[in-house]
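What follows is a set of notes on a single structure, which appears directly below.
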Amino acid sequence: MEELSLEKYFNIKDIPFKTTVDEKYYFQSIQHTSAFNKIKYLIDRMGGLSVLIGGAGMGKSMLARKLIMDLNPDNYEVGLLIVIHTGIPGIWITRQIAKLMGVDIGSFSNPDDPILIVTELYKKLMELNGQGKKPVILIDEANMLTNKDQMEELRGLTNLEVSGQKLINIVLLGIPELEDNLKLDPPLAQRVTVKITLGPLQKSEIKTYIQHRLSISGATIDFFDDNVYDKIYEKTKGIPRLINTLCYNSMVACVDLGSTKINSDIVEAVAKSSFSNLL
Ligand SMILES: Nc1ncnc2c1ncn2[C@@H]1O[C@H](COP(=O)(O)OP(=O)(O)OP(=O)(O)O)[C@@H](O)[C@H]1O
Ligand SMILES: [Mg+2]
């Protein structure tokens with residue numbers, strides 16, 4: 001027998017509960033909206049260095065993507081840097097930031113020359129300043145920045161100023177470990193203007209979050225029983241990635257059972273088998 005795809009079974013155009021970050025699914029949760037507004041406020045005032053802390057799967061990368069989408073390129077020069085390794089040298093950070101701001105590192109006689117990189121970055125930031133554009137660098141997975149060399153590099157970047165005004169906004173995004181890491185470098189920790197915490201969805205938001213994702217995926221019938229939402233909250237504590245995983249697996253289980261609706265028994269069974277020990 002041909003296996004039914006989720007799309008066919010539920011008559012949807014796209015899988016609504018993937019764990020990848022796709023900004024078309026962005027949901028304006030209370031927490032996300034508050035964090036977004038705080039970051040935007042800081043950027044608009046050239047606040048310098050800020051930190052967004054949130055547990056795993058809370059939606060930090062999603063928020064970064066949303067900021068990139070929403071900040072108008074006429075007024076902001078936005079770049080996203082993802083730290084992929086704890087051992088990256090400090091100069092790598094500055095080089096990447098310079099590239100993201102539009103410095104042509106490729107034309108340098110020595111692309112590793114730290115003074116040249118910083119000089120050219122400074123020139124670029126002054127140029128952007130002159131054009132009235134606000135430079136923003138989002139550093140995702142910033143909890144992977146753990147050593148002195150990396151911290152010093154960041155500190156140097158936050159010191160770039162003109163007539164008492166910061167020349168670049170840096171937003172560090174990471175899991176709570178990031179805060180502990182910053183403590184290892186008190187001068188850098190002191191430069192953090194604002195620390196923002198991203199929390200989970202509230203219980204009252206679970207249904208709207210799920211329905212929002214369903215409608216974007218093209219769902220025309222509601223295949224979630226009304227009694228599932230409290231159960232989903234109980235099993236995920238409102239953490240978006242866990243909600244997505246639970247909903248996705250519940251859809252698969254629903255197909256396996258040949259059921260038309262996802263009810264709380266399905267959710268309970270799926271939660272038990274897939275992530276009972278994650279919370
Ligand atoms: N506001 C939101 N609207 C819609 N989906 C969201 C939202 N927040 C998170 N998600 C979804 O939850 C999942 C996890 O989000 P994301 O990857 O952004 O978390 P994270 O905080 O960056 O996690 P990690 O610490 O592991 O990097 C993704 O599938 C994402 O699409
Ligand atoms: Mg992330």
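Just so you know, ligand 1 is whichever comes first in the structure, and atom 1 is the first atom listed for that ligand. In this chain, residues are counted from 1 in sequence order.
A salt bridge does not link K60 to D140: none of the charged side-chain nitrogens sits closer than 4.0 Å to a carboxylate oxygen. K207 has a carboxylate O that lies under 4.0 Å from a charged side-chain N of D226, or vice versa, which qualifies the two as a salt bridge. Taking 4.0 Å as the cut-off between side-chain N and carboxylate O, K231 and E268 count as a salt-bridged pair. A salt bridge between D112 and R95 is present, with a side-chain N of the basic residue lying under 4.0 Å from a carboxylate O of the acidic one. Between E179 and K195 a salt bridge is recorded (basic side-chain N to carboxylate O distance below 4.0 Å). Between K18 and D22 there is no salt bridge, since no side-chain N of the basic residue sits under 4.0 Å from a carboxylate O of the acidic one.
Residues Y25 and D14 have side chains that bring a donor and an acceptor to within less than 3.5 angstrom of each other. Looking only at atom types and distance, the side chain of Q211 has a donor-acceptor partner in the side chain of Y229 under 3.5 Å away. When only modelled atom types and interatomic distance are considered, T94 and E153 share a side-chain donor-acceptor pair under 3.5 Å. Under 3.5 Å, the side chains of Y76 and D44 contain a donor-acceptor pair of N or O atoms.
With a 4.0 Å heavy-atom cut-off, ligand 1 is reached by no atom of L63. Of all the heavy atoms of Y25, the ones lying under 4.0 Å from any atom of ligand 1 belong exclusively to the backbone.
The single protein non-hydrogen atom nearest to atom 1 (N) of ligand 1 is F27 O, 2.9 Å, given as residue, atom name and distance. At the shortest separation from atom 12 (O) of ligand 1 among protein heavy atoms lies P240 CB, 3.4 Å.
Residue D140 has no N or O atom closer than 3.5 Å to an N or O atom of ligand 1. At under 3.5 Å, a nitrogen or oxygen of G59, whether backbone or side chain, sits near a nitrogen or oxygen of ligand 1. Close N/O approach between V21 and ligand 1 is not found [any backbone or side-chain N/O within under 3.5 Å].
For the Mg ion (ligand 2), the neighbouring protein N/O/S atoms at less than 2.8 Å, given as residue and atom, are S61 OG.
For ligand 1, the atoms lying closer than 4.0 Å to a non-hydrogen atom of H32 are 1 (N), 8 (N). Atoms of ligand 1 found under 4.0 Å from any heavy atom of E141, numbered from 1 in the order shown, are 27 (O). Residue K18 has at least one heavy-atom neighbour below 4.0 Å for each of these atoms of ligand 1: 29 (O).
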